[in-house]
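Scope of the values below: all heavy atoms of this structure, side chains included, with no hydrogens, waters or symmetry mates. First the proteins, then the strands, lettered A, B, ... as listed; each starts at 1. Here the structure is a predicted model, which means the values were calculated and not measured.
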Number of protein chains: 2
Amino acid sequence: MFRIGDFSRIARVSCRLLRYYDEISLLSPHYVDGDSGYRYYSAAQLPRLNRILVLRELGLSLGQIARVMEDNLSPSELRAMLLLRRSDVERAVEAESDRLRLIEVSIAQIDNNGELSTDDVIMRSEPAHLFLSLRRTVDSFAHARVLIRELHEAVHGRVHSSALGSLVAVAHATEFEADLFDVEIGFTLTETVPVAPTGLILRELEPMHTAAVCVRVGPPEHAHLVTGRIGAFVEASGYELAGSNREFFLQRPRLDHTEDWVVEMQFPIRKRRVIPAQGQAGTLTAPVQFE
Amino acid sequence: MFRIGDFSRIARVSCRLLRYYDEISLLSPHYVDGDSGYRYYSAAQLPRLNRILVLRELGLSLGQIARVMEDNLSPSELRAMLLLRRSDVERAVEAESDRLRLIEVSIAQIDNNGELSTDDVIMRSEPAHLFLSLRRTVDSFAHARVLIRELHEAVHGRVHSSALGSLVAVAHATEFEADLFDVEIGFTLTETVPVAPTGLILRELEPMHTAAVCVRVGPPEHAHLVTGRIGAFVEASGYELAGSNREFFLQRPRLDHTEDWVVEMQFPIRKRRVIPAQGQAGTLTAPVQFE
DNA sequence: CTTGACTCTCCCGTAACGGTAAACTTTAGG
DNA sequence: CCTAAAGTTTACCGTTACGGGAGAGTCAAG
């Protein structure tokens with residue numbers, strides 16, 4: 001019979017931990033003195049404690065460990081738990097590895113540029129939306145204002161304003177240097193509407209499983225700065241573009257004050273299967289070009 | 001100006017998170033109504049929020065993120081933080097990979113044996129101890145009782161009992177099948193003592209950086225069972241033996257009741273440089289032999 | 001003016017313990 | 001036998017980064 005301090009020294013765990021495991025009934029002392037409340041442990045409890053510690057090291061939660069310990073769980077059930085745990089750990093390893101690459105990209109950014117400029121590019125998923133739009137091919141992206149006005153006129157009076165969501169511009173062109181832009185501009189909808197013969201398209205705006213997004217505050221003339229930044233980020237972090245990008249207007253734009261526009265640029269991306277340069281942070285010196 | 005709900009939808013984060021970041025002064029609203037307490041956010045705050053989210057994704061704590069954000073931290077300081085973070089993540093990846101291998105070993109154990117029998121072998125480090133001992137070569141490990149008696153007589157009266165720690169037996173032989181055992185038996189000491197010319201050795205019992213330990217309750221005749229289990233565990237988890245093993249007596253042994261002995265067996269181990277079979281859990285079918 | 005949607009603050013809960021305080025018990029030494 | 005030191009008890013708070021919910025107040029549209 002050991003008092004808690006001796007037992008903790010023998011088992012190399014803290015007294016606090018033993019009391020905690022007693023509290024949650026994971027490992028109760030062999031005997032508790034009724035008067036003093038002193039806990040007394042026997043050496044025969046060491047195997048149980050060690051088993052707990054081993055399972056803990058495998059990453060099982062104390063709740064799971066309790067299930068393993070209390071009834072003598074069948075080996076196959078334990079096996080199932082371990083399989084579950086294994087897939088969790090596999091995912092965790094992959095997630096941490098991804099994180100590691102992102103960190104290295106950021107360090108390389110600082111080394112090359114003197115500062116961290118990709119800091120506002122973020123990756124997330126984007127759900128599908130119901131979308132009511134106009135599609136045109138124009139010769140200048142600044143022409144967008146005209147399109148927006150046209151869209152407003154087409155929509156005005158036909159759709160209740162409470163059904164309208166955000167203004168979205170989809171860039172269907174994949175060549176960024178081309179002289180012609182295939183642009184689709186419309187509103188997301190919160191409910192379906194009848195589409196009269198107005199030239200308006202009613203469709204689903206595709207969801208993006210993974211999107212690199214960046215918020216731009218300023219006129220469309222500055223878009224290429226953000227575009228380049230996103231491109232560099234996507235390139236460096238082992239992804240590639242996976243479709244046409246689009247711009248979400250987070251504020252209803254005032255057509256005559258383009259410098260106040262608040263636009264979220266969204267680029268669908270996917271993991272590259274081949275990762276070209278797997279080197280250290282400092283070795284990523286070649287200038288990274290977009291597309 | 002957006003109310004918190006709109007802003008949360010735009011930024012794709014929860015209201016709760018925005019309130020929390022306000023509370024810890026990480027991202028305060030552009031304006032707070034004095035009467036109602038309503039928070040109003042401006043679109044111009046999105047870049048800051050996104051930067052926060054990016055840093056969070058890199059795994060920085062909110063405290064670190066706050067330091068990055070509040071003063072405009074110099075890029076080199078940020079770089080240092082990222083380097084620190086990188087080494088943390090590298091360690092995390094390695095730790096999770098180790099864990100993954102342990103899990104796979106456990107699954108393979110169940111598949112081969114029908115149950116998890118290595119469950120009470122645990123890995124930890126063992127500190128150095130001051131050690132006062134006798135060393136003999138005997139022809140049978142069961143001869144240990146005689147040695148213990150001899151040790152008691154040598155120590156009795158010369159060392160104050162408060163200075164005595166645990167009884168330890170060191171097996172210096174590396175060949176487990178040999179007929180002769182080179183055994184050293186002694187006590188750990190809590191303070192240094194004068195060693196009279198008694199044949200006793202005063203030395204440091206080497207620490208073990210990594211040890212596989214297992215508690216055995218029972219007579220020394222059962223030691224080989226535990227030995228085999230530890231060996232199989234060590235072999236399967238990518239380690240190898242790295243020196244002579246020893247037995248810590250967790251209870252002062254009663255010489256005439258060997259069946260009550262509570263002994264912790266400690267084997268120093270190190271990572272194998274070459275990992276032979278890197279296969280899946282189910283493929284580990286060859287019987288694993290000790291040494 | 002009402003009603004429904006929105007927002008506020010405040011408190012509790014998470015997992016797995018560590019730290020500390022105030023009171024009590026045991027043990028060793030004289 | 002007495003005292004002092006060491007050990008132990010319960011109880012409460014803190015950690016991280018939020019999520020959930022209660023009860024009360026606020027805003028906007030019809």
Side-chain angles (χ1 to χ4, degrees), chain A residues 1-41 49 52-67 69 85 88 92 99 160-164 190, chain B residues 1-41 49 52-69 85 88 92 99 160-164 190-191:
Chain A
M1 253 10 165
F2 305 100
R3 293 195 308 189
I4 197 170
D6 295 328
F7 194 69
S8 85
R9 266 182 294 276
I10 288 172
R12 265 86 174 186
V13 297
S14 71
C15 294
R16 209 55 199 69
L17 187 66
L18 291 173
R19 293 201 191 94
Y20 179 58
Y21 285 174
D22 180 18
E23 186 187 332
I24 64 175
S25 304
L26 189 54
L27 179 75
S28 303
H30 182 76
Y31 162 71
V32 178
D33 188 290
D35 295 337
S36 65
Y38 273 35
R39 295 173 177 82
Y40 293 93
Y41 292 86
L49 176 56
I52 291 172
L53 296 181
V54 166
L55 293 174
R56 185 181 69 164
E57 212 152 297
L58 295 186
L60 297 185
S61 72
L62 296 189
Q64 292 174 309
I65 294 176
R67 279 212 302 284
M69 307 292 293
R85 178 72 198 141
D88 282 353
R99 216 209 282 271
H160 197 290
S161 69
S162 70
L164 289 179
T190 56
Chain B
M1 257 1 170
F2 305 100
R3 294 196 307 189
I4 197 169
D6 295 328
F7 193 68
S8 84
R9 267 181 293 277
I10 287 171
R12 264 85 175 185
V13 299
S14 70
C15 295
R16 207 54 199 70
L17 188 65
L18 291 173
R19 293 200 193 95
Y20 178 57
Y21 285 175
D22 180 19
E23 187 186 333
I24 64 175
S25 305
L26 190 54
L27 179 75
S28 303
H30 183 75
Y31 162 73
V32 179
D33 187 289
D35 294 339
S36 65
Y38 272 35
R39 296 173 178 81
Y40 293 93
Y41 292 85
L49 176 56
I52 292 172
L53 296 181
V54 166
L55 293 174
R56 184 181 70 163
E57 212 152 299
L58 295 186
L60 297 184
S61 72
L62 295 190
Q64 292 174 310
I65 295 177
R67 280 212 301 284
V68 176
M69 307 292 293
R85 179 71 198 141
D88 282 354
R99 215 209 282 270
H160 197 291
S161 68
S162 71
L164 290 179
T190 57
E191 57 191 70

* Ignoring hydrogens and angles, tell me if any N or O in the side chain of B:Arg56 forms a donor-acceptor pair with the backbone of B:Ser61 under 3.5 Å. =>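 Looks like no, no N/O pair under 3.5 Å.
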* Polar side-chain atom of B:Arg3 near backbone of B:Tyr40 as donor-acceptor pair, under 3.5 Å ->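 No.
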Length of the [atom1]-[atom2] vector between [X] and [N], whole Å:
X	N	atom1	atom2	value
B:Phe7	C:dC6	CZ	P	18 Å
A:Ile4	C:dG18	CD1	P	12 Å
A:Leu60	C:dA16	CG	P	10 Å
B:Leu55	D:dA17	CG	P	13 Å
A:Tyr41	D:dT8	OH	P	11 Å

* To do: Please tell me which of B:Ser61 and A:Asp6 maps to the more 5' nucleotide of DNA chain D, matching each residue to the nucleotide holding its nearest heavy atom.
  =>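 The residue mapped nearer the 5' terminus is A:Asp6.
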* Under 4.0 Å between a side-chain N/O of A:Arg39 and OP1 or OP2 of D:dT8, yes or no? ->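 No.
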* Trace of the side chain to side chain contact (heavy atoms under 4.5 Å, CB included) decision for B:Gln64 with B:Leu55 -> CA-CA 9 Å; B:Gln64 292 174 310; B:Leu55 293 174; over 6 Å; no
* Measure the spacing between CG of B:Leu17 and CD1 of B:Ile52 and express it to the nearest 0.5 Å. =>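 Going from the CG atom of B:Leu17 to the CD1 atom of B:Ile52 covers 9.0 Å.
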Of all the heavy-atom pairs spanning [X] and [Y], show the shortest one and how long it is.
X	Y	answer
A:Cys15	A:Ile4	O-CD1, 3.8 Å
B:Arg85	B:Leu58	NE-O, 3.2 Å
A:Gly37	A:Val32	O-CG1, 3.7 Å

* Between B:Arg9 and A:Leu62, name the one whose nearest nucleotide on DNA chain C is closer to the 5' end. =>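 With B:Arg9 and A:Leu62 compared, the 5'-side residue is B:Arg9.
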* What does nucleotides 23-30 of chain D look like as a protein-contact string, B for base, S for sugar-phosphate only, - for none, at under 4.0 angstrom between heavy atoms? -> --BBS---
* To do: Just do the side chain to side chain contact (heavy atoms under 4.5 Å, CB included) check on A:Leu62 and A:Ile24 with the steps written out, would you?
  => CA-CA 9 Å; A:Leu62 296 189; A:Ile24 64 175; 3.9 Å; yes
* Close residues, residues 13-23 of chain A, relative to DNA chain C [heavy-atom separation under 4.0 Å] ->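 Those residues whose heavy atoms fall under 4.0 Å from DNA chain C, taken from residues 13-23 of chain A in numerical order, are A:Ser14, A:Arg16, A:Leu17, A:Tyr20, A:Tyr21.
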* Mind running salt bridge (charged side-chain N to carboxylate O under 4.0 Å, His left out) on B:Asp6 and B:Arg9 for me, showing each step along the way? => CA-CA 5 Å; B:Asp6 295 328; B:Arg9 267 181 293 277; 3.1 Å; yes
